[in-house]
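Working notes for the structure below.
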Amino acid sequence: MSSPEPTVRAARNAPRAPLTVAVTGAAGGVGALLTERLLATPGVQRVLALDERLGDARGAEWHTLDVRDPAIADLLRSRGVSRESGDHDSPVDVVVHLALDLDLESDPAVRSAYNVRGTQTVLTAAAAAGVRRVVLVTSAMVYGALADNPLPLAEDAELRATAEATCVGDFLEIEDLARRAPRAHPGLNVTVLRPAVLVGGTDTALTRYFESPRLLVVAGSRPRWQFCHVQDLVGALEYAALERVEGELAVGCDGWLEQEEVEELSGIRRMELPPAVALGAAGRLHRLGLTPSPAGDLAYTMHPWVVSGSKLYEAGWRPEWTNEEVLAELLTEVAGRHTVAGRRLGRKDAATTLGAAGATVALVGTAALVRRARKARRR
């Protein structure tokens, strides 16, 4: 299905005073969608768009800089000119920080340094500039994917994730910064949104799961799938920017899909492997640098981490997408892509791997490598 245009909800309650909102990472992805939406939002008089490059949103006040630059405090403190009256607007009231490096191909150390240092700089700069709220985005992955997780997880559930999955270590450090910032900077509100599997122009280890010719299922596991379309995340971010919700907020579609439902809806059959084979091979391939995904990513395809989103619901927010609709969108996006154990193949690789040997070989490739290594040791 095609993505519907973002809509402005009639039920919005505009804040008492017009807001000035700054968006980092505004030139692309979720940041670009949110910038456009805020420009059309009643009660928002000024939008600062901050990125390392210029974006397309007309009407935003664009500034190019690295979010790790402390000079960001001066921008947040500055006054602009109202688009409507021509009068000088107030400094920034709310910062929505979306400048994160989540690229699977990035060097993990460089990526973490950028994400954590950038968030720390934005929080410190916001406090110095007198900003009253910073909105951050991590992931529902911070709850951890565990066999004993309740369905769904309450938003105040303990964060039991470890740093073994892609970007989760960064998210946990950002969560820690969010908890500590109000104590270090009294008067600064920090709101954190935790989306489920994010879909809509995204590329993650979990979206790549659906690029394989077979869906890997670890024997004995019982995965549940909950998605979040980027447009629903943008709607939730708008609620946070307008100060209609606060605290730690989970974002996702209603309910979840069982693995059998995912297989039926996608038309992709499963390939079941024993836990020792799947986890061992995934870890070995990642250590060899053959795949971007560490073995920890597999846990999020094995165990549930479904969230309730109750705080947003109480504020009046509702997802516009269902899990079934988001899955259909995801399948459309990944059509024609070929991934083996998290590594995306080029056309030549895909033709060799998927054509000559057959589609099944791609998914059992990890097991084959393990068997080959065992035979080599016996010789």
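Residue indices begin at 1 and follow the sequence shown. Worth saying up front: this structure is predicted, and the values here are computed from it rather than measured.
Using a 4.0 Å cut-off between charged side-chain N and carboxylate O, Arg133 and Glu246 make a salt bridge. Between Arg46 and Asp93 there is no salt bridge, since no side-chain N of the basic residue sits under 4.0 Å from a carboxylate O of the acidic one. Note on Arg53 versus Asp51: no salt bridge recorded, every NZ/NE/NH1/NH2 to OD/OE distance being 4.0 Å or above. For the pair Glu243 and Arg132, the salt-bridge criterion is met [side-chain N within less than 4.0 Å of a carboxylate O]. Salt-bridge formation is not detected for the pair Arg160/Glu158: no Lys NZ or Arg NE/NH1/NH2 atom is positioned less than 4.0 Å from an Asp or Glu carboxylate oxygen. Taking the charged nitrogens against the carboxylate oxygens, Arg180 and Glu173 have no contact shorter than 4.0 Å, which rules out a salt bridge. Using a 4.0 Å cut-off between a side-chain N of Lys or Arg and a carboxylate O of Asp or Glu, Arg224 and Glu258 qualify as a salt bridge. Taking the charged nitrogens against the carboxylate oxygens, Lys311 and Glu155 have no contact shorter than 4.0 Å, which rules out a salt bridge.
Tracing side-chain contacts under 4.5 Å through hydrophobic residues (I, L, V, M, F, W, Y), one never reaches Leu54 starting from Leu48; they form parts of separate clusters. Under the 4.5 Å side-chain heavy-atom criterion for Ile, Leu, Val, Met, Phe, Trp and Tyr, Phe227 and Trp256 are members of distinct hydrophobic clusters. Under a hydrophobic-cluster definition in which Ile, Leu, Val, Met, Phe, Trp and Tyr are linked whenever side-chain heavy atoms come within less than 4.5 Å, directly or via other members, Met141 and Leu136 are assigned to the same cluster. Residues Trp62 and Leu76 do not share a hydrophobic cluster, clusters being chains of Ile/Leu/Val/Met/Phe/Trp/Tyr side chains in contact below 4.5 Å. In the hydrophobic clustering of this structure, Leu172 groups with Leu206; members are Ile, Leu, Val, Met, Phe, Trp, Tyr whose side-chain heavy atoms approach within less than 4.5 Å, directly or through other members.
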- Item | Derivation of the side-chain contact (heavy atoms from CB on, under 4.5 Å) call for Phe210 and Glu333 | CA-CA 10 Å; Phe210 293 92; Glu333 286 188 1; over 6 Å; no
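For Tyr300 and Trp225, the gap between ring centers reaches or exceeds 6.0 Å.
Ser221 and Met302 make their closest contact through CB-O, 3.4 Å (heavy atoms, listed as atom of the first residue, atom of the second, distance). When all heavy atoms of Leu188 and Val131 are compared, the closest pair comes out as CD1-O, 3.4 Å. Closest heavy-atom contact between Tyr143 and Val307: CE1-CG1, 3.7 Å. The two residues Val47 and Val44 have their closest heavy-atom pair at CG2-CG1, 3.7 Å.
The distance from the CD atom of Glu36 to the CG atom of Asp56 is 7.5 Å, given to the nearest 0.5 Å. Taking OG from Ser139 and CG from Leu100, the interatomic distance works out to 11.5 Å, rounded to the nearest 0.5 Å. Atom CG of Leu193 and atom CG of Leu249 lie 5.0 Å apart (nearest 0.5 Å).
Using modelled atom types, one side-chain atom of Thr204 and one backbone atom of Thr207 make a donor-acceptor pair closer than 3.5 Å.
Between Thr191 and Val134, every side-chain heavy-atom pair lies at or beyond the 4.5 Å cut-off.
Counting non-hydrogen atoms of other residues, nucleotides and ligands closer than 6.0 Å to CZ of Arg179 gives a total above 12.
Using modelled atom types, one finds a donor on one side chain and an acceptor on the other under 3.5 Å when comparing Glu238 with Thr41.
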